[in-house]
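Only one structure is covered here, and it is reproduced in the block below.
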Amino acid sequence: MRGGSSERLVVRASRRRGETRAKLTRYITISLAAVLGGGSSALLFLVPLYADPALSALAADFDPIPAECVTERRDDRLGLDNCTWASCREGCTSDAYKCIQLHVKYKAHSDDWRPAVLYVNIKGCGYPPAVNCENFTLNYGYVGARYPCYWSRADTTVVVPKWSRGEQVAMVTRTLALPLFLSGCAGIGLCALHCDCRPRRRRRPPRRPPRLPTLSIDDTTVYRLA
């Protein structure tokens with residue numbers, strides 16, 4: 001009886017350990033799946049809103065030394081055909097029926113005046129509070145306004161009133177590197193829990209036994225005589 005009861009205790013203890021391990025695995029799986037789903041959703045949301053404008057701004061290669069800008073003309077336009085571009089627009093997904101286009105001239109590095117168009121940022125659009133088109137128009141939208149601006153070395157006809165390379169790099173890091181890192185760690189954790197991620201060893205082909213030399217008729221007669 002004592003032996004049977006001890007065996008039952010051992011079985012119960014092993015069952016409890018197995019159940020605890022299964023619950024822990026389930027909770028860890030749920031947490032990692034939530035992190036993976038959240039990171040993927042964050043990428044889908046952050047890339048078009050923040051990462052893509054920051055990458056486009058870095059690709060525009062703005063001169064870090066501000067130039068002198070003067071607003072020369074302001075065009076208030078109506079209609080989709082007339083609003084193919086806007087100096088500032090709140091929202092980047094819908095077409096604009098009403099827009100303001102600011103034409104400026106700028107002087108950089110003591111050069112001659114160059115014509116350009118003024119954008120609130122490289123995309124010409126954004127979302128509050130980062131982009132406030134009313135304040136933008138009040139500050140830069142009247143003829144004769146003077147202010148520092150930054151011109152694009154990739155397209156010299158584009159200028160923006162504010163620019164910081166460090167801010168754009170930090171934006172790309174926050175919106176891309178962090179979600180990718182969390183999603184990658186969660187994916188590796190799920191793979192380690194539920195998949196056999198170890199590299200498979202290649203099986204070596206079995207060694208063949210050495211071949212015996214074939215004996216001719218003369219050799220066999222010699223061995224028989226011997």
Side-chain angles (χ1 to χ4, degrees), residues 38 40-109 111-179:
S40 302
S41 301
L43 285 174
L44 293 176
F45 175 75
L46 295 175
V47 166
L49 295 182
Y50 299 101
D52 181 58
L55 291 173
S56 299
L58 293 173
D61 192 19
F62 287 102
D63 192 341
I65 300 175
E68 181 183 359
C69 270
V70 179
T71 301
E72 286 192 311
R73 190 174 84 248
R74 167 178 170 170
D75 294 335
D76 294 84
R77 296 184 177 274
L78 294 174
L80 296 177
D81 295 336
N82 296 325
C83 291
T84 56
W85 67 276
S87 291
C88 185
R89 184 159 55 96
E90 293 182 3
C92 299
T93 56
S94 60
D95 296 329
Y97 181 78
K98 181 180 179 181
C99 62
I100 296 176
Q101 300 173 351
L102 300 180
H103 299 264
V104 304
K105 63 179 180 179
Y106 69 95
K107 181 188 292 187
H109 307 294
D111 294 336
D112 296 333
W113 291 97
R114 301 177 184 176
V117 293
L118 179 68
Y119 289 101
V120 64
N121 52 35
I122 189 61
K123 293 290 187 179
C125 61
Y127 297 90
V131 172
N132 189 323
C133 291
E134 183 178 358
N135 292 337
F136 175 82
T137 305
L138 288 175
N139 293 329
Y140 312 110
Y142 61 93
V143 177
R146 290 180 175 269
Y147 45 88
C149 64
Y150 299 86
W151 59 283
S152 170
R153 286 178 285 200
D155 185 359
T156 57
T157 62
V158 173
V159 295
V160 294
K162 296 179 180 180
W163 162 252
S164 174
R165 184 179 180 85
E167 290 182 2
Q168 304 303 321
V169 173
M171 180 68 67
V172 173
T173 304
R174 289 195 302 267
T175 56
L176 284 182
L178 185 59

Is Thr71 reaching over with its side chain to a backbone N or O of Gly144, donor-acceptor style, under 3.5 angstrom? no
With sequence neighbours excluded, residues passing salt bridge (charged side-chain N to carboxylate O under 4.0 Å, His left out) with Arg114: Asp111
For Thr84, what residues pass the side-chain contact (heavy atoms from CB on, under 4.5 Å) criterion, not counting sequence neighbours? none
Could you list the donor-acceptor pairs under 3.5 angstrom formed between side-chain atoms of residues 121-139 and any protein atom two or more places apart in sequence or on another chain?
from	atom 1	to	atom 2	distance (Å)
Asn121	OD1	Lys123	N	3.1
Asn121	OD1	Gly124	N	2.8
Asn121	OD1	Cys125	N	3.3
Asn121	ND2	Cys125	O	2.9
Lys123	NZ	Asp52	OD2	3.2
Tyr127	OH	Cys92	N	3.2
Asn132	OD1	Glu134	N	3.2
Asn132	OD1	Asn135	N	3.3
Thr137	OG1	Cys133	O	2.8
Asn139	ND2	Asn135	O	3.1

Taking side chain as C-beta onward, heavy atoms only, is Tyr147 less than 4.5 Å from Leu118? yes
Ser87 vs Tyr140, side chain to side chain donor-acceptor pair (under 3.5 Å): CA-CA, chis, key distance, verdict: CA-CA 10 Å; Ser87 291; Tyr140 312 110; over 6 Å; no
Side chains of Glu72 and Val104: closer than 4.5 Å at any heavy-atom pair? no
Should His109 and Asp63 count as side-chain neighbours, where that means a heavy-atom distance under 4.5 Å? yes
For a 4.5 angstrom cut-off between non-hydrogen side-chain atoms, does Gln101 reach Trp85? yes
With Arg74, which residues qualify under salt bridge (charged side-chain N to carboxylate O under 4.0 Å, His left out), at least two apart? Asp76
N/O donor to acceptor pairs below 3.5 angstrom from side-chain atoms of residues 161-176, sequence neighbours left out:
from	atom 1	to	atom 2	distance (Å)
Ser164	OG	Glu167	N	3.4
Thr173	OG1	Val169	O	2.8
Thr175	OG1	Met171	O	2.7

Considering non-hydrogen atoms only, spot the tightest contact between Ala154 and Ala59 and give its length. CB-O, 3.9 Å
If I take atom NZ from residue Lys98 and atom CZ from residue Arg89, how far apart are they, to the nearest 0.5 angstrom? 15.0 Å
Please walk me through it: do Trp151 and Val160 pass side chain to side chain contact (heavy atoms under 4.5 Å, CB included)? CA-CA 7 Å; Trp151 59 283; Val160 294; over 6 Å; no
Within the structure provided, determine whether Tyr119 and Val159 are in side-chain contact (heavy-atom separation under 4.5 Å). no
Return the SG to NZ distance between Cys69 and Lys107, rounded to the nearest 0.5 Å. 12.0 Å
Residue list, salt bridge (charged side-chain N to carboxylate O under 4.0 Å, His left out) with Asp75, at least two apart or on another chain: Arg73, Arg77
First locate atom OH of Tyr97, then atom CG of Leu80, and finally report the distance between them rounded to the nearest 0.5 Å. 7.5 Å
Check whether any side-chain N or O of Arg153 sits under 3.5 Å from a backbone N or O of Asp61 as a donor-acceptor pair, and report yes or no. yes
